[in-house]
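Contents: one structure, followed by commentary.
Remember, it's a predicted structure, so these values are computed and weren't measured experimentally.
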Amino acid sequence: MRKQRKYPIFWLVLLALICTTTIFSSLLAPFEPNMMDMNQIYQAPNAIHLLGTDQLGRDVLSRLLVGGKVTLLIATVSVVLSSIIGIIYGGISGYFGGVIDAVMMRILEACLTIPSLVIVLALQAIMQGSVWRMAMIMGITGWFVTARIVRSEFIRLKEQEFVQMAKMFHTPLWKILFGHLLRNCIPALFVVTIFNFAGAIFTEVSLSFLGIGVPPATPSWGTMLYTAQNDLLVGAWWMELFPGLLIFITILCVQVIGGTFKQGGSRSHV
């Protein structure tokens with residue numbers, strides 16, 4: 001008797017709540033995120049500013065909500081782009097095999113020898129710019145793991161009877177690739193995409209914290225940590241606590257959800 005899969009309901013609801021509040025941040029934010037009030041600088045959390053204010057008198061809660069939209073937007077765009085590139089690259093390598101696969105895998109292995117964060121750091125330092133440019137850089141450097149997963153799945157699936165039968169009946173190549181192979185890769189792709197999403201959030205925060213990510217004028221979770229680096233010295237603990245806590249909770253939610261589905265997928269293959 002197959003054991004019923006347990007879904008991480010609490011973490012799914014918590015992640016959905018975080019995403020929903022950031023998506024509707026323009027409606028939920030109590031203040032304009034870039035509105036400065038020099039009479040309200042370094043205000044601790046109070047009835048008016050629930051999470052306090054920063055060194056320019058800007059409301060931390062409003063910037064946290066709007067900044068979350070920017071961070072999650074970058075993560076989403078980069079993951080979508082990296083998934084498309086990884087699916088195409090891994091699919092071609094895994095389906096055609098032979099010399100094509102050998103050459104493409106040597107290229108992929110060479111790319112994997114360099115940590116993707118180092119590549120993103122180098123490109124972002126050279127091409128600093130908009131939020132969209134940062135998302136594109138992260139996307140074109142984050143597809144390596146996806147490509148390996150898709151390749152291994154295509155190699156496994158293309159020898160299955162249903163694919164061989166499709167070839168015998170001269171099914172169009174695009175229908176074999178998308179209708180038979182890629183469709184059966186969705187569970188594995190779903191798991192790797194979840195983990196890539198967590199990694200993309202961490203990358204945005206890391207780059208912005210180093211000052212080479214999102215432009216400082218644009219609120220994001222990473223830029224909030226960047227601008228708050230020296231504020232602990234004046235006792236403004238809330239400026240780092242709340243962004244750091246929300247980053248931690250969001251990544252934890254994504255990791256727990258991804259781990260749960262990964263375990264479920266592993267048991268289904270036993």
Task: Close side-chain approach of L73 and W132, heavy atoms under 4.5 Å - done: yes
TODO: Decide yes or no on side chain to side chain donor-acceptor pair (under 3.5 Å) for N196 and T146, but give the supporting numbers first.
DONE: CA-CA 9 Å; N196 285 344; T146 303; 3.1 Å; yes
- [ ] May I ask you to test the V254-L15 pair for a side-chain heavy-atom distance under 4.5 Å?
- [x] yes
TODO: For salt bridge (charged side-chain N to carboxylate O under 4.0 Å, His left out), just list the numbers for D37 and R58, CA-CA rounded to whole Å, side-chain angles, deciding distance to a tenth of an Å, and then say yes or no.
DONE: CA-CA 7 Å; D37 186 352; R58 298 173 297 190; over 6 Å; no
Open item on the list: I need the L182 CG to I88 CD1 distance, nearest 0.5 Å.
Closed with: 10.5 Å
Open item on the list: Just checking F162: does its CZ atom have more than 12 heavy atoms from other residues, nucleotides or ligands closer to it than 6.0 angstrom?
Closed with: yes
TODO: Quick one: list whatever passes ring pair (Phe, Tyr, Trp, His ring centres under 6.0 Å) with W143, sequence neighbours left out.
DONE: Y89
Task: Where A200 and V79 come nearest, the two heavy atoms and their spacing - done: CB-CG2, 4.1 Å
Open item on the list: Test your reading of the model: is there a side-chain donor-acceptor pair from Q160 to the backbone of L157, 3.5 Å cut-off?
Closed with: no
Open item on the list: Return the CD to CD1 distance between Q255 and I194, rounded to the nearest 0.5 Å.
Closed with: 10.0 Å
TODO: Measure across D54 and M239 and return the closest heavy-atom pair with its distance rounded to 0.1 Å.
DONE: CB-CE, 3.3 Å
TODO: Could you grab the distance from atom CD of Q55 to atom OG1 of T227, nearest 0.5 Å is fine?
DONE: 5.0 Å
Task: Atom pair CE (M35) and CD (Q40), whose distance is rounded to the nearest 0.5 Å - done: 9.0 Å
Open item on the list: Looking at every non-hydrogen atom in both residues, tell me the closest pair between S83 and T193 and how far apart they are.
Closed with: OG-OG1, 3.8 Å
- [ ] Return each pair, listed once, that meets ring-ring contact (aromatic ring centres under 6.0 Å, His included) where at least one residue sits in residues 183-214; pairs must be two or more places apart or across chains.
- [x] F190-F261
Open item on the list: Whether the side chain of T141 engages the backbone of I137 through a donor-acceptor N/O pair (distance < 3.5 Å, no angle test) should be reported.
Closed with: yes
Task: Interatomic spacing from CG in L123 to CZ in R133 - rounded to 0.5 Å - done: 11.5 Å
Open item on the list: Pairing donors with acceptors under 3.5 angstrom, does anything connect the side chains of Y42 and D231?
Closed with: yes
TODO: Please check if any side-chain donor atom of S206 sits under 3.5 Å from a side-chain acceptor atom of T203, or the reverse.
DONE: no
TODO: Indicate whether any N or O donor in one side chain lies under 3.5 Å from an N or O acceptor in the other, for E204 and S208.
DONE: yes
Open item on the list: Let me confirm one number: the CG-OG1 distance from N39 to T53, rounded to the nearest 0.5 Å.
Closed with: 11.0 Å
Open item on the list: So I23 and K69, do their side chains get closer than 4.5 Å, heavy atoms only?
Closed with: no
TODO: Examine distances only and state if a side-chain atom of S220 and a backbone atom of T223 form a donor-acceptor pair shorter than 3.5 Å.
DONE: yes
TODO: Report yes if the side chains of R148 and L112 come closer than 4.5 Å at any heavy-atom pair, otherwise no.
DONE: yes
TODO: Kindly work out whether a path of hydrophobic side-chain contacts (I/L/V/M/F/W/Y, heavy atoms less than 4.5 Å apart) joins V256 to I247.
DONE: yes
Contacts under 3.5 angstrom, residues 60-68 side chains, donor-acceptor by atom type, not counting sequence neighbours:
residue: S62; atom: OG; partner: F31; partner atom: N; Å: 3.0
residue: S62; atom: OG; partner: F31; partner atom: O; Å: 3.1
residue: S62; atom: OG; partner: D59; partner atom: OD2; Å: 2.7
residue: R63; atom: NH1; partner: P33; partner atom: O; Å: 3.1
residue: R63; atom: NH1; partner: N34; partner atom: OD1; Å: 2.9

TODO: List the steps and the verdict of side chain to side chain contact (heavy atoms under 4.5 Å, CB included) for I74 and M138.
DONE: CA-CA 9 Å; I74 291 173; M138 290 169 56; 3.6 Å; yes
Task: Atom CZ of R183 with >12 non-hydrogen neighbours under 6.0 angstrom - done: no
Open item on the list: Counting neighbours of CH2 on W237 that are heavy atoms of other residues, nucleotides or ligands and sit closer than 6.0 Å, is the number greater than 12?
Closed with: yes
Task: Other residues, nucleotides, ligands: >12 heavy atoms within 6.0 Å of M36 CE - done: no
